[in-house]
There are 2 protein chains.
Amino acid sequence: MTTDPKAARPLGELERVVMEQLWAADAALTVREVHERLSLTRELAYTTVMTVLDRLAKKKLTERERDGKAWRYRAAAPRADLAADLMRDALDQAGDRREALVRFVGQVSTEEAALLREALSRLEALDG
Amino acid sequence: MTTDPKAARPLGELERVVMEQLWAADAALTVREVHERLSLTRELAYTTVMTVLDRLAKKKLTERERDGKAWRYRAAAPRADLAADLMRDALDQAGDRREALVRFVGQVSTEEAALLREALSRLEALDG
DNA sequence: GCGATCTACGACGTTACGTAGTAGATGCTA
DNA sequence: TAGCATCTACTACGTAACGTCGTAGATCGC
């Protein structure tokens, strides 16, 4: 689990692209910086980006720190964590976990299956 | 994949309990039957259940067939399929699949990890 | 033919999200 | 230090999903 044990609803479309900027950045970004990056591919009001960043913070998906009069935002958790949380939630909704996992591995690509085996091996090595 | 290759958004709360009735039933159920079952634990108008069943049908999550003047609904896909689809969607959102899978297996229970290994073995046996 | 039962469709409240404007606080600069 | 640029806080609006029903009309069995 990342942080919240509850409801990790999938991100909205704009929320996702904003988070992607944060994940892609080395450091925490200001609203302006995120806005600038997004402006390369779409038109958005500065305040729109600010609102989204703010909402993400309220949802605990971003954290922010002061930098002068501005806030700097960074992702509260790695992208992979978010994805893993969503996978968990999905699995939790299945009645029969075994069956759900069977279906899941049955639909992943060969590469993904290999990655899964690898991850499990690594886990085994750790757990002993 | 179950049916729709796209957006398998998680079900709403009422949609979920309705689907659970369908999954739990041996045969296709009428609105009345679903309503009766749900009425055991909560109060709902008959038409509310009907609306939900209808919406689920429009979303291709249920299929229906005539039975006299009434419709009989059944889940369009096994519950496990839905869960697996959601897991897929979640995985697809991860930037780095490897990392996401590592995080995922890192948070599943020991039992789930075992089930995953089992499912992968089975897959391997099939794929050769 | 009637009454019970169904469906079709519209409606309303709430919440999430995309999108943005206004007002006021704040910090840099000439 | 006065003022402009910049930032935040807050409010707002439209849309879509969903929970929740009601009404009207079709339909089936007696």
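Proteins get letters first, then strands, A, B, ... in listed order; numbering begins at 1 in each. Because the structure is a prediction, the values reported are computed rather than measured.
One atom, CG of B:L14, and another, C1' of C:dT14, lie 15 Å apart when rounded to the nearest Å. One interatomic measurement links the two molecules: CG of A:L56 to P of C:dA16, which rounds to 13 Å at whole-angstrom precision. Between the CE atom of A:M50 and the C1' atom of C:dT19 there is a distance of 12 Å, rounded to whole Å. Atoms CD (B:E33) and C1' (C:dT5) sit 14 Å apart, rounded to a whole Å. Protein atom CG of A:L53 is 15 Å distant from nucleotide atom P of C:dC17, rounded to whole Å.
Summarising the local packing, CD of B:E65 is surrounded by more than 12 heavy atoms from other residues, nucleotides or ligands at distances under 6.0 Å.
Looking only at distances, no side-chain donor or acceptor of A:R98 sits under 3.5 Å from a matching main-chain atom of A:L101. Counting only distance, with no hydrogens or angles, the side chain of A:R117 and the backbone of B:L120 share a donor-acceptor pair below 3.5 Å. Remark: side-chain polar atoms of B:W71 are not paired, donor with acceptor, to backbone N or O of B:E63 under 3.5 angstrom.
A:R79 and B:E99 are not joined by a salt bridge, as no carboxylate oxygen comes within less than 4.0 angstrom of a charged side-chain nitrogen. For the pair A:R88 and B:E112, the salt-bridge criterion is met [side-chain N within less than 4.0 Å of a carboxylate O]. The residues A:D54 and A:R64 are annotated as salt-bridged, a charged nitrogen and a carboxylate oxygen being separated by less than 4.0 angstrom. Under a 4.0 Å N-O distance rule, the pair A:E111/B:R97 does not qualify as a salt bridge.
Here A:R42 reaches the OP1 or OP2 of C:dT19: one of its side-chain N or O atoms lies under 4.0 Å away. Taking side-chain N and O atoms only, B:Y46 has a distance below 4.0 Å to OP1 or OP2 of C:dT7.
If you check every strand for non-hydrogen atoms under 4.0 Å, B:T51 touches a base. Note on B:R64: only backbone sugar-phosphate atoms sit closer than 4.0 angstrom, heavy atoms only; bases stay farther off. Counting any heavy atom pair closer than 4.0 Å across all strands shown, B:R55 reaches a base atom.
Listed nucleotides: C:dA11, C:dT7, C:dA20. Nearest to the side chain of A:T48: C:dA20. Nearest to the side-chain atoms of A:E15 among the listed nucleotides C:dG21, C:dG18, C:dC9 stands C:dG18.
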Taking only N/O atoms, report every protein-nucleotides 23-30 of chain C pair under 3.5 Å with atom names and distance.
from   : atom 1 : to    : atom 2 : distance (Å)
C:dT26 : O2     : A:K69 : NZ     : 3.2

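Put simply, chain B comes within 4.0 Å of DNA chain D, heavy atom to any atom, from D:dC18 to D:dC28, going 5' to 3'.
Using a 4.5 Å cut-off on side-chain heavy atoms (C-beta onward), A:R72 and A:E33 make contact.
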